[in-house]
**Q** 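I am attaching a structure below and will ask some questions about it afterwards.
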2 protein chains.
Amino acid sequence: MTAPLHEPRPGTPDTQQGMRRRNLSRVMHAVATDGPLSRATVAQRIGLTRAAVSTLVDELIRSGLIEELGPQRPGRVGRPGSALAVSRRGPAGIGAEVGVDHLAACAVDLSGAVRARAVRRVANRGRAPGPVLKELSVLVREVTARAEREGLRPAGLAVAVPGLVARGTRTVVRAPNLDWHDTDVSALLPTPAEALSVLPLSVDNEANFGALAELWLGEGTPADFLHVSAEIGIGAALVVDGKLLRGTRGFAGELGHVPVRPEGPACPCGGRGCLEQYAGEEAVLRAAGLGPGEDRVGLLAERAAAGNTDARRALRGAGTALGIALTGAVNLLDPRAVVLGGALSRLAPWLLPALERELTRRTATPAAGVTVSRLGSDGPLLGAAHSVVRAVLDDPVAVAA
Amino acid sequence: MTAPLHEPRPGTPDTQQGMRRRNLSRVMHAVATDGPLSRATVAQRIGLTRAAVSTLVDELIRSGLIEELGPQRPGRVGRPGSALAVSRRGPAGIGAEVGVDHLAACAVDLSGAVRARAVRRVANRGRAPGPVLKELSVLVREVTARAEREGLRPAGLAVAVPGLVARGTRTVVRAPNLDWHDTDVSALLPTPAEALSVLPLSVDNEANFGALAELWLGEGTPADFLHVSAEIGIGAALVVDGKLLRGTRGFAGELGHVPVRPEGPACPCGGRGCLEQYAGEEAVLRAAGLGPGEDRVGLLAERAAAGNTDARRALRGAGTALGIALTGAVNLLDPRAVVLGGALSRLAPWLLPALERELTRRTATPAAGVTVSRLGSDGPLLGAAHSVVRAVLDDPVAVAA
C-alpha cells in the first residue's frame, strides 16, 4: 500500500512531477467523495484553475479512472459541462479476512460500492496457516472473478488477520487466537499466475483495518479517535489526524494487555490482570456461565436483553474493566472519541453504563465521548478492501502505470 | 508556532510559491544541522541542482539568516566555494519556564547555542498568575536585552508551564501544582511595547517542550519515543515520526493519572490509584519519610546512594508503579524507546531496576528500551527556546517578512 501522496516524502525535494501526481490525487478524491461533479466544481473545490483541472481530468479519463456521464444542462449557451464520476469499471480493491471462526473476501469499486462478497464459517483456531490461507484464496478468487466479469480490474489484495503484523511486512508475528507465529502470508497464500500473483498484497491487523473502515465509512467519525474492537481478543487502534498510529514495530493498540489490576489473574502474554482477563470473550462468557457452542456472543446478548442476572453482571464487570483501561488510554492519548466496534458493538447496551461510569469518575477533564460503530463485525473486511481503493485515489499515476 | 512547511497543508493545492518556501526551509535545516557547508554540498544533500540552491542561498543571505564564512580552498582553479553557516547575529529563540519552585529564561541562536540565560528560585505554588508572570517577564527582558546586545533579533517567545494548555491557545486550563485554572498567559504577561509585545508568543506544557528538547538535542534519540518527565507531577509526551502527539484538546500525555491500582488511594483528579499516588514527588518523599525542605529530591537521591533502606524502598515502589503504567503505555503506543527526563533522571539508578522488571515480565514482545535523558531538568526551557528556532528553520520566509 502506498502512503498518501498529498505530501512529498520527507527529505525529498519538491518537483513538478510530484506536484502533478499530488494534484491528480486531489482530483480523484474530490470526485470519489462528492461526485458526480463538473470540471468547474472540481477546480473550485481543490483551488486550482479550470484549465489545470481539465488537463488532470483528461489524464484520469485516459487512464480509465474517471468517466464522463455525458453533457449536463443541454440547451444552455456555451460548452456544456459534463459530470465526472469515478469509473465503475475501473480498479477494484479486494479485501480478505481471516477470523478465528470465519473467512471472508469482498471486492469494492472506486465509488466504495461492494460489488462481490463471499463468507465461509470455519473454525480456524489451531489450524495450520497453509490450509487456512488456501481456503481463503478460493474466496478471493471467487470475488475477483465476479468483479472481473463486471469489468472491474482488481488493483490489490489486503488481508486482515487477528494478530500482530510487523510494520511494512506481510508477516503475522503472533496471532495467539489462531496459534500462528511468524507466519509469512505472502509465502503461503497460493498465487496461481492467472489470479492472485499479479495483485499487490498487504496484510494488517484486523483492529487497524476496522479503525480505517470507521474513519472512511463511519458517519460523523472524527479524524482523531480510539477504536476499540473485540472478536476473541481485544484490540484497539488510534487514528490521529486521519492517520493510523502504527507504533514502531507495527504493534500499537494492544489494549487487551493493558494491566487493569496488576496483581490479577495471570495472562498468557506473561502479564497479570490484563484487560483480556476481564473483558475478553472467554472471560466474559465464563463469568456469565456460558459453555462452548455456536455464536455464544449472540446468546450472551440475548440473555442480557432478557434480563439474565449472570449475563448482566458479567457484562457489567467487563464494562468496568474496559473503563479502567480506557481511562489510562484517554489520559495518554486525548482522543476526540472512543468508538466500540466488532463484537463489542453488539454488547454495548450492557457494557456502556459501567464503562462510562469509570471513565467519567476517573478523568478530571471531561472524557472523550464513547460511541458504538455501525459497521460492527464488517469493519475489518471493508477496511481492507477500502485500503486498496484509497491507495488508488492517493496515487492514481501508480495504478495507471 | 508554525507547522513545518516541508509538507503542503492538507487540502491546499501545491504552488510554485509553496515549493520555494519548502525548499528554502530544506536549505536552512541542512546548513543548521551540518554546516558549515558549501553550496555544492547543500545541493547534494537536499537533491536540488547547484543553480537552484544558489538562488535559494542568495535569498537567505539577503534575509540575514545565512552568512558566508569567506572563500575556502583558495588557490584551486575555478570559483572558490564559500562555506555557509546559519547567522550568529540572526533570529534568536527566547524560551521561558514557570516551574513550581523556579522561573527561568534563555536565548538560543539559529545554531542552537545558548547565548543568554537567567534563573530565579522562587516558590510559585499558590501564587496568583499575574505576579508570577510579571516576575518571569523581568527574566525574559534580561535575556532578550543580552541577546540584542550581541546583535541577535528575538524571533519569538515560548513559555513552558507545568499544566495542561489548550491546543492552539496560550491558556493554561489546569496547573494543579500551581493552582492555576484557565489562565491566559498572553493576557497576563506584561508586554511593554519596547520589549515583549512584538514577539510571537506560544505556551505549552513542560512535558511537551521536554520531549521536543530530547528529540532535537538528545544524542541518538529516535524519532519515535515516549518521554516521561517528573518535577512535582508526572507527565509524558509521545513523539511519533519526529512529531509531538498532542491529543485533540492538547491534553495527551497525562501518564500521572493512568490508573495503576484501580481501588488505590483517592487522587485529587477524581480517580483512584493514579500513578501520581505512587510515583509523584509527594508520594515518594512521604514513603521515604522525608519532610518539607529545600531540594528534597536531591536529599532523596543522596540517601538512596548512601544505602538508606526507606529511600530505596520508596524508589522501588515508585519504579514498580511506573513500570505498571508504562506497560499499558507501551502496549498502546509501541514506542521505539522510553526516555526518563526531569527529576526522574536524577533518581533513575534506583527507579530503573523495578521499572524494567515490571515492563519485561508484563510485555510479551520485547519491550522498548528505557533510557535516561542527559538534559535532565533543563529540557523544558531548552525545548521552548528551540521551538522558536525550529519555527524559523521551518519557514524562513515568514521571519524575513
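Throughout, a chain's letter reflects where its sequence line sits, starting with A, and its residues are numbered from 1.
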**Q** Taking atom CG of A/D334 and atom OG1 of B/T248, what is their separation to the nearest 0.5 Å?
**A** 5.0 Å

**Q** With B/R261, which residues qualify under salt bridge (Lys or Arg N to Asp or Glu O under 4.0 Å), at least two apart?
**A** A/E263

**Q** Under 4.5 Å from any heavy atom of chain A, what part of B/I324 do you find: side chain, backbone, both or neither?
**A** both

**Q** Given a strict heavy-atom distance threshold of 4.5 Å, which part of A/L333 is in contact with chain B: side chain, backbone, both, or neither?
**A** both

**Q** List in chain and number order the residues that pass side chain to side chain donor-acceptor pair (under 3.5 Å) with B/D241, two or more places apart in sequence or in another chain; answer none if no residue qualifies.
**A** none

**Q** Would you indicate whether the side-chain heavy atoms of A/N331 and B/L255 approach each other to under 4.5 Å?
**A**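 No - every pair of side-chain heavy atoms lies 4.5 Å or more apart.
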
**Q** If I measure from the heavy atoms of chain B, does A/L238 come under 4.5 Å with its side chain, its backbone, both, or neither?
**A**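 For A/L238, the side chain is the part near chain B, not the backbone.
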
**Q** Please assess A/T327 against B/V258 for the test side-chain contact (heavy atoms from CB on, under 4.5 Å), listing each intermediate value before the final yes or no.
**A** CA-CA 7 Å; A/T327 295; B/V258 166; over 6 Å; no

**Q** If we define contacts as heavy-atom pairs under 4.5 Å, which of A/G256, A/G242, A/G271, A/P262 has the most with chain B?
**A**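 The option with the most such pairs is A/P262.
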
**Q** Judged by atom type as modelled, is there a donor-acceptor pair below 3.5 Å linking the side chain of A/R362 to the main-chain atoms of B/H257?
**A**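 No.
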
**Q** Name the member of A/A325, A/C274, A/C267, A/G247 that forms the most heavy-atom pairs with chain B at distances under 4.5 Å.
**A**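 Option with the top pair count is A/G247.
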
